Enquirer: 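Take this structure first; my questions come after.
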Amino acid sequence: MKFLPLDHPLNWYRYDVTGSIEILEAYIDNVECQADKTANDFKADAEEVCVEGKHQDEPPRFITVHKGLDDASWDLQDIFLQYFPNLQRRSALITLFSFFEHELNKLCSIFQVTEKYQLSYKDVAGTGIERARIYLSKVALLDLNEPTAPWSNVRNVQMLRNLVVHADGRLPQVDRPALKKYVEACEFLDGDREVLLQSGYLKNVLSHFDSYFQQVDKAIQLRYGAS
């Protein structure tokens, strides 16, 4: 059997991607633990404090205080049970998508070196994951047309990632039927004006990415007659 270097396209998924997926699963577990801790700490440690009135005839009032914030000024339940956990998950979503794009770009570079292509993925029109897909299809000659579901799922995640990065996760007032349909259909997403990422969404995203990576790997195996 012919020896293949680790940086050969045939070894990309088996020896590179699978390990990264395993690490990211642990990363997601840690993010969810932090989100749960944020909520649980609020439920357990929020204190009710008596505040004396500023004037003699003003009665004292009781406010809830947690982490230097009080419910006289803030909706503490919303902040610690929704806003902070959502913020942590949104940050993780950006990290996961960056990983996905990086892996596709890296595969393009592996193909360029292995097959001695003059053309780099950076020379292809477009940006991001679409540019990498074009390179893998048109230059590296991978058949990525079927099935369509893995790429469609990735594009849905991309829509939400872009909404988080460019619009603070707020759904646009103008009609965006594809985005709204995705949010409504996904059991791990919620919100009418601002999208809330619920527990389970990050694992769902990673599974979509892994499904697409497996589709790419299958196309690589076919290209080299290794399947």
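Side-chain atoms are counted along with the backbone in the values below, which use heavy atoms only and exclude waters and symmetry mates. On a predicted model such as this, the values are computed, not experimentally measured, just so you know.
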Enquirer: Just how far is it from atom CE of Met159 to atom NZ of Lys181, taken to the nearest 0.5 Å?
Expert: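 If I round to the nearest 0.5 Å, the distance is 10.0 Å.
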Enquirer: Within the 3.5 Å criterion, strictly below it, is a donor on Arg133 or Tyr212 matched to an acceptor on the partner's side chain?
Expert: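 Indeed, the side chains of Arg133 and Tyr212 share at least one donor-acceptor pair under 3.5 Å.
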Enquirer: Can you check whether Leu96 reaches Phe100 side chain to side chain, under 4.5 Å on heavy atoms?
Expert: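 Result no, sub-4.5 Å side-chain heavy-atom pair not found.
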Enquirer: Where the side chain of Asp71 meets the backbone of Trp74, is there a donor-acceptor pair that is under 3.5 Å apart?
Expert: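 No.
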Enquirer: Report, as yes or no, whether the 6.0 Å neighbourhood of atom CD on Glu194 holds more than 12 heavy atoms from other residues, nucleotides or ligands.
Expert: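 Count over threshold, so yes.
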Enquirer: Is the shortest distance from a Lys or Arg side-chain nitrogen in Glu130 or Arg155 to a carboxylate oxygen in the other one below 4.0 Å?
Expert: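 Counted as a salt bridge, because a side-chain N and a carboxylate O are separated by less than 4.0 Å.
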Enquirer: Does a side-chain heavy-atom distance below 4.5 Å link Leu196 with Gln82?
Expert: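 They are in contact (side-chain heavy atoms under 4.5 Å apart), so the answer is yes.
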Enquirer: Quick one: ring pair (Phe, Tyr, Trp, His ring centres under 6.0 Å) partners of His66, sequence neighbours excluded?
Expert: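 His66 satisfies ring pair (Phe, Tyr, Trp, His ring centres under 6.0 Å) with Phe42, Phe80 once adjacent residues are dropped.
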Enquirer: What's the separation between atom SG in Cys33 and atom CD1 in Ile28, rounded to the nearest 0.5 Å?
Expert: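 Nearest 0.5 Å value for the SG-CD1 distance: 12.0 Å.
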Enquirer: Begin from the C-alpha positions of Leu144 and Val216 and carry the test side chain to side chain contact (heavy atoms under 4.5 Å, CB included) through to its verdict.
Expert: CA-CA 7 Å; Leu144 301 174; Val216 172; 4.0 Å; yes
Enquirer: Are Arg223 and Glu115 close enough for a salt bridge, meaning some N to O gap below 4.0 Å?
Expert: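 Between Glu115 and Arg223 there is a salt bridge, with a charged N closer than 4.0 Å to a carboxylate O.
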Enquirer: Taking all heavy atoms of Tyr121 and all of Ser109, pick out the closest pair and write down the distance.
Expert: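 Scanning both residues completely, I find the closest heavy atoms to be CE2-OG, 3.5 Å.
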Enquirer: Any chance you could measure Tyr83, atom OH, to Leu76, atom CG, to the nearest 0.5 Å?
Expert: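 If we round to the nearest 0.5 Å, Tyr83:OH and Leu76:CG are 14.0 Å apart.
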Enquirer: Under 3.5 Å, is there a donor-acceptor pair between the side chain of Thr95 and the main chain of Ser91?
Expert: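 Yes, because the side chain of Thr95 sits within donor-acceptor range (under 3.5 Å) of the backbone of Ser91.
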Enquirer: Applying the 4.5 Å side-chain criterion to the ILVMFWY set and letting contacts propagate, would Leu141 and Val113 be lumped into a single cluster?
Expert: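 Unlinked, Leu141 and Val113 end up in two clusters.
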Enquirer: Taking the side chain as everything from C-beta on, heavy atoms only, tell me whether Ser207 gets closer than 4.5 Å to Lys203.
Expert: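 The answer is no, as the side chains (C-beta and beyond) never meet within the 4.5 Å cut-off.
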Enquirer: Does a side-chain heavy-atom distance below 4.5 Å link Leu163 with Leu160?
Expert: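 Of all side-chain heavy-atom pairs linking Leu160 with Leu163, at least one is under 4.5 Å.
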Enquirer: CG/Asp7 to OG1/Thr114 distance, rounded to the nearest 0.5 angstrom?
Expert: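 The distance works out to 6.0 Å.
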Enquirer: Which heavy-atom pair separates Ala72 from Asp70 by the least distance, and what is that distance?
Expert: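 The pair with the smallest heavy-atom distance is N-OD1, 2.9 Å.
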Enquirer: Got Ile63 and Glu48 here, is their nearest side-chain heavy-atom distance under 4.5 Å?
Expert: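 Not in contact.
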Enquirer: Give me the atom names and distance for the closest heavy-atom approach of Cys108 to Ala132.
Expert: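 Closest pair (atom of Cys108, atom of Ala132, distance): SG-O, 3.7 Å.
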Enquirer: With a 4.5 Å cut-off on side-chain heavy atoms, are Val17 and Ile21 touching?
Expert: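 The answer is yes, as the side chains (C-beta and beyond) meet within the 4.5 Å cut-off.
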Enquirer: Please examine the side chains of Gln112 and Leu119, heavy atoms only from C-beta on, and report whether any two atoms are closer than 4.5 Å.
Expert: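 No, every pair of side-chain atoms sits at 4.5 Å or beyond.
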Enquirer: Within this structure, what is the CG-CG distance for the pair Asp143 and Leu136, rounded to the nearest 0.5 Å?
Expert: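 Reported value, rounded in 0.5 Å steps: 12.0 Å.
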Enquirer: Tell me yes or no: between the side chains of Trp12 and Glu103, is some donor less than 3.5 Å from an acceptor?
Expert: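 Distance-only check passes for Trp12 and Glu103.
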Enquirer: Can a donor-acceptor pair be found, under 3.5 Å and without considering hydrogens, that links the side chain of Asp210 to the backbone of Leu206?
Expert: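 Not at all, since once roles are kept as given, no pair shorter than 3.5 Å links the two residues.
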Enquirer: If you take the centroid of each ring, where Trp contributes its six-membered ring, are Phe213 and Tyr13 closer together than 6.0 Å?
Expert: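 No, the ring centres sit 6.0 Å or more apart.
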Enquirer: Mind checking whether Tyr27 and Leu87 sit in one hydrophobic cluster, side chains of I, L, V, M, F, W, Y counted as touching below 4.5 Å?
Expert: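 No, Tyr27 and Leu87 fall in different hydrophobic clusters.
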Enquirer: List the steps, then state whether side chain to side chain contact (heavy atoms under 4.5 Å, CB included) holds for Phe97 with Ile129.
Expert: CA-CA 10 Å; Phe97 195 85; Ile129 63 173; 3.8 Å; yes
Enquirer: Do the side chains of Leu171 and Asp192 get nearer than 4.5 Å, heavy atoms only?
Expert: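 In short, these two side chains do not touch, never coming nearer than 4.5 Å.
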Enquirer: Would Val164 and Arg161 satisfy side chain to side chain contact (heavy atoms under 4.5 Å, CB included), going step by step from the backbone distance to the final call?
Expert: CA-CA 5 Å; Val164 167; Arg161 177 263 180 195; 5.7 Å; no
Enquirer: Under a 4.0 Å threshold between the charged nitrogen and the carboxylate oxygen, would Asp45 count as salt-bridged to Lys67?
Expert: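 Salt bridge: no.
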Enquirer: For residues Gly191 and Val183, report the shortest heavy-atom separation together with the two atoms involved.
Expert: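 Answer, listing the atom of Gly191 first, then Val183: O-CG1, 4.2 Å.
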Enquirer: Given 3.5 Å as the limit, does a donor-acceptor pair link the side chain of Ser137 with the main chain of Ile134, or not?
Expert: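 Judged by distance alone, no pair lies under 3.5 Å.
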Enquirer: As a quick check of understanding, evaluate side chain to side chain contact (heavy atoms under 4.5 Å, CB included) for Ser20 and Phe99, giving each step before the final call.
Expert: CA-CA 9 Å; Ser20 297; Phe99 154 75; 3.5 Å; yes
Enquirer: Roughly how far apart are Thr38 OG1 and Gln88 CD, rounded to 0.5 Å?
Expert: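 Between Thr38 OG1 and Gln88 CD, I get 4.0 Å after rounding to 0.5 Å.
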Enquirer: Got more than 12 heavy atoms from elsewhere within 6.0 Å of OH, Tyr182?
Expert: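 Yes, OH of Tyr182 has more than 12 neighbouring heavy atoms, counting only those of other groups under 6.0 Å.
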Enquirer: Please report the closest heavy-atom contact between Thr18 and Arg14, naming both atoms and the distance.
Expert: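 That would be OG1-O, 2.7 Å.
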Enquirer: Look at Arg90 together with Asp168 and state whether they make a salt bridge at an N to O cut-off of under 4.0 Å.
Expert: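 Answer for the salt bridge query: yes.
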Enquirer: Are Val205 and Ile23 joined in one hydrophobic group, where the rule is that I, L, V, M, F, W and Y side chains link up if heavy atoms are under 4.5 Å apart?
Expert: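 Different clusters.
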Enquirer: Can Gln221 and Asp217 be counted as having a side-chain donor-acceptor contact under 3.5 angstrom?
Expert: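 Asp217 and Gln221 do have a side-chain donor-acceptor pair below 3.5 Å.
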Enquirer: Report yes or no: does Ser152 contribute a side-chain atom to a donor-acceptor pair with the main-chain N or O of Thr148 at less than 3.5 Å?
Expert: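 Such a contact is absent between Ser152 side chain and Thr148 backbone.
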Enquirer: Applying a strict under-4.5 Å side-chain criterion to I, L, V, M, F, W and Y, I'd like to know whether Leu179 and Trp151 cluster together.
Expert: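 Linked within one cluster.
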Enquirer: Just by modelled atom types, is the Leu197 backbone N or O under 3.5 Å from a matching donor or acceptor in the Asn86 side chain?
Expert: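 Side chain of Asn86 to backbone of Leu197, a donor-acceptor pair under 3.5 Å: yes, one is there.
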Enquirer: Any link between Leu107 and Leu10 through a network of hydrophobic side chains (Ile, Leu, Val, Met, Phe, Trp, Tyr) touching at under 4.5 Å?
Expert: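 Leu107 clusters together with Leu10.
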Enquirer: Considering all heavy atoms of both residues, which atom of Glu146 and which atom of Gln215 are nearest to each other, and what is their separation?
Expert: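 Here Glu146 and Gln215 meet closest at O-NE2, 3.2 Å.
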